[in-house]
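All values reported here derive from a predicted model rather than from experimental measurement.
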Amino acid sequence: MAERSTAAVDVADNSDETSLTAQADQSTADGVAKNRERDTDSDEVQESTRTDGPGKTSPPELHSGHKLARRYRLEECVTRLDGFSSWRAVDEKLRRAVGVHILPADHSRARSVLAAARSSALLGDPRFVQVLDAVEENDLVYVVHEWLPDATELTALLAAGPLEPYDAYQMVSQISSAMAAAHREGLAHLRLNPNAVLRTSTGQWRIRGLAVNAALRGVASDTPQRTDTEAIGALLYAALTQRWPYESDAYGLSGLPKDIGLIAPDQVRAGVHRGLSELSMRALANDGATASRHESPCTTPEELVKAIGEMPRIRPPEPAFTAPPEYQRTAYQQGAYGRQAPHPGATQPVPTPPPPLQSRTGKALKWAVSALLIAALGLGSWQLADALMDQGGKSDDPGQTQTNDGNDKSPKKPPSGKPITISGARDFDPFGDQTEKPSDIGKVYDSSSATYWQTDFYLSADFGRLKPGVGIILDLGKTQQVGKVTVTFVGNTSVQLRSASADAGSEPTSFDAYRKVAEGTGTTVELKPGKSLKSRYLLVWLTDLPIQADDGKWRGRVADIKVTS
C-alpha cells in the first residue's frame, strides 16, 4: 500500500466493532475518540473483514483503477473499516485529485451519510474541505470531497514539536470561528481531532469531515456544541504542549500522567503563552476541572470566539535576518587565472604591483583628465552667469507688470482639500490568517509611488474564493473631516472605502465595525463619501485582485494612499 498523503481522510479508530457500536449510541464526554488511531493500512484491512457485528455490511470489492460515474478513477485506498472505504481518486472530467468515501447502499449508515454530506455541501464555507458530490448509484453510496495535496495535518505538525504561540493563536481563532458558523447552520463535526485539521501552504487552517466523518462512524451527541468546543480546547492544548489532554495516548501524542487530572498547559511545559493556556482550560473545563484563576467555561464555539476576541492580539514573530555569506573572490579576480599551479611544498613569491599611473601613458592620461575638468568648470560658470543676467534683464523690464484686477475673467481652480497626515496603518485580514504582509505596510503612505505593499498570492482574482477581500486600516491620529481618499494601485483594482464610527475610542478589529462609504475601480481611484464623513479609522478594502504573475497566481499592490479633508 502506498504511503499516505497528508491530505488523506482521517484513518480509522483503534477500536473493535463493539466499541464502535457503543460510541454510536452514546455521547462522548471529550468530543473525540480517546483511542489511538491506526497507523497502518494492514490493521484497517483486517478490521474490515469482520461482519459479525450488528448492522455491518461487507465493503464492496473495489480496486485501484475502478471508475465511479465514468468520472472518478480510484487511485489509492487510504481507509478501509466497518463496511466503508476511503480513497484518493482522480476526477477525469476536471483533471484534479479528489477524495471519495464509498459504502454499500444497504449499509445501516448510508442514509445518514448522504444527508450529512448534502448538508455540509450546502454550507459552502471555504474554511471547510468542501463536499463536491454525494451520490447513490449501482448499489453504492459515495461522497466526493476536495483533496488538498499542499496541506499538512495538525498531527504531522505536532510530531515535530509544539506550535509557536502565534501559530497556535491563528489555529484556535480560525477553527473556532469556522465551527461557530457551522453550528449557526445546524451542523456539528463531533470528530474534530488533529487528523481533521489541516494547514495549507498559505497558512490558512481548514477542517475536513464536517458532519460526514461522524456519520460514517455512527457518532452522535446530545450536546454537539459542547462536544465540538471541548474538542477545540483539546486541539489548542495539544498545540501548546505536544501532549493529549487525557490519560490515554492518541494521534501520536502522549497522554497526561495518570491520577493527576487535567492540569493547565503552562504547568505541563515551560514557556507556554499564559492567555492561550487559560483559553484551552476554559474550553476543556468539565465537572469542575477548571482552576480557580480561570474565568467561566466556554461551552459553545460562539463563546470561544468571543473569548478569543477579548484577548490581546498575538503578533507574528519578527522575521529573522540572515547575513549573506562572505563574498568569495574567483580565481580570475584573484589574478590566478592562466597561471601554472604551484608545485606542492614550493614557496611562490608574491609579485609587487606597480604604483598606479606612473608610466608615460599614465601621466598623459592624468593631464588629459585635468584639462577636461578645467574646461568643464569654465563652461559651466559661463552658462550660469549668462542665465542670471538674462533673468535679471527680464525682471527689470518696465513693460512687464503684474496686475490684480478684480474683474479678471480668467478661470480659477477651485480650492482643493487640505492633506491629512496618516499617523499609522496596518494590514487587515479578518477572514484569513489575520495577517497580510505587515512588514511593507508603511510603503502605502511614504509619498512614493515607486514602492508598494502587496497582498499574498491567490489562485484567482477573487482571492481563490477563500475570502471576500483584504485591506489596510488607516489611523488619522484623531477624528477628522474626510473629503476624499485617493488610492494608487499597480494594476486595475476594485476597492471600497469603509469607515469606523466617529466616536470609536480605539481601532475596531471587526470587519462589521467599518461601514462602506465609497467604492471604485481603476489604477488611481478617488473615493469620495456621498455624505459628510468624520472618522479617525478608515479601511481601504480590496475586493478584486488585478495582477496575474507568470506562475498563474494573483496579487494586489497598493502604491500610495492620500487623504484630504
Side-chain angles (χ1 to χ4, degrees), residues 125-127 166-167 169-171 173-174 177-178 181 199-206 305 308-309 313-316 319 422 424-446 451-475 485-500 507-525 527 535 537-549 551-561 563:
D125 192 319
R127 293 170 292 189
Y166 175 74
D167 293 330
Y169 172 78
Q170 290 297 322
M171 186 271 293
S173 177
Q174 295 182 38
S177 61
R199 186 172 69 181
T200 66
S201 58
T202 60
Q204 183 188 21
W205 294 89
R206 299 186 68 178
V305 170
I308 294 170
R313 185 182 179 189
I314 300 177
R315 293 285 181 178
I422 300 174
R426 76 168 181 89
D427 58 302
F428 190 56
D429 184 19
F431 301 103
D433 59 1
Q434 311 298 316
T435 181
E436 194 88 4
K437 303 292 185 184
S439 59
D440 293 334
I441 203 67
K443 296 178 180 179
V444 303
Y445 61 103
D446 60 358
T451 60
Y452 54 80
W453 166 86
Q454 71 176 8
T455 68
D456 291 326
F457 65 81
Y458 298 89
L459 299 181
S460 62
D462 57 352
F463 299 89
R465 294 186 295 176
L466 297 175
K467 59 185 78 172
V470 296
I472 301 169
I473 294 178
L474 306 176
D475 183 359
V485 176
T486 304
V487 188
T488 303
F489 297 99
V490 179
N492 199 63
T493 306
S494 297
V495 63
Q496 297 176 356
L497 176 63
R498 292 177 170 266
S499 168
E507 176 189 308
T509 58
S510 168
F511 179 76
D512 295 333
Y514 296 88
R515 63 182 180 89
K516 184 172 71 172
V517 296
E519 62 183 346
T521 301
T523 54
T524 299
V525 184
L527 300 169
S535 181
Y537 300 103
L538 302 176
L539 172 58
V540 177
W541 184 248
L542 279 63
T543 59
D544 192 56
L545 301 177
I547 299 173
Q548 185 176 20
D551 57 4
K553 297 173 181 176
W554 300 72
R555 297 175 177 86
R557 292 174 177 170
V558 179
D560 192 44
I561 300 177
V563 183

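Exactly one of K467, Q434, K437 qualifies for a side-chain hydrogen bond (donor to acceptor under 3.5 Å, both in side chains) with D429. That residue is K467. Looking at V525, L542, T521 one by one, the single match for side chain to side chain contact (heavy atoms under 4.5 Å, CB included) with T493 turns out to be L542.
To the nearest 0.5 angstrom, W453 atom CH2 is 14.0 Å from D560 atom CG. The CD1 atom of I422 sits 7.5 Å away from atom OH of Y445, with the distance rounded to the nearest 0.5 Å. Taken from CD in Q174 to OH in Y169, the straight-line distance is 10.0 Å, to the nearest 0.5 Å. Put simply, CD1 on I473 and CZ on R426 are 4.0 Å apart, with the number rounded to the nearest 0.5 Å. In this structure, the separation between CG on L539 and CD1 on I472 is 9.0 Å, given to the nearest 0.5 Å.
F431 places none of its side-chain heavy atoms less than 4.5 Å from the side chain of R127. Within the 4.5 Å cutoff, the side chain of K443 has no heavy atoms near those of the Y452 side chain. Residues V495 and V540 are in side-chain contact: their nearest non-hydrogen atoms beyond the backbone lie under 4.5 Å apart. Counting heavy atoms from C-beta on, the side chains of Y537 and D475 come closer than 4.5 Å. With contacts defined as side-chain heavy-atom distances shorter than 4.5 Å, the pair F511/F428 qualifies. Taking the side chain as every heavy atom from C-beta outward, T543 and Q496 approach each other to under 4.5 Å. By the 4.5 Å heavy-atom criterion applied to side chains, Y166 and T435 are counted as neighbours.
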Test side-chain contact (heavy atoms from CB on, under 4.5 Å) applied to T200 and R206, step by step: CA-CA 8 Å; T200 66; R206 299 186 68 178; 3.8 Å; yes

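Between the side chains of D446 and T451, at least one donor N or O lies within less than 3.5 Å of an accepting N or O.
Annotation for R313: atom CZ counts as buried by contact number, over 12 foreign heavy atoms lying within 6.0 Å.
For D427 (side chain) and E436 (main-chain N/O), a donor-acceptor pair under 3.5 Å exists by modelled atom type.
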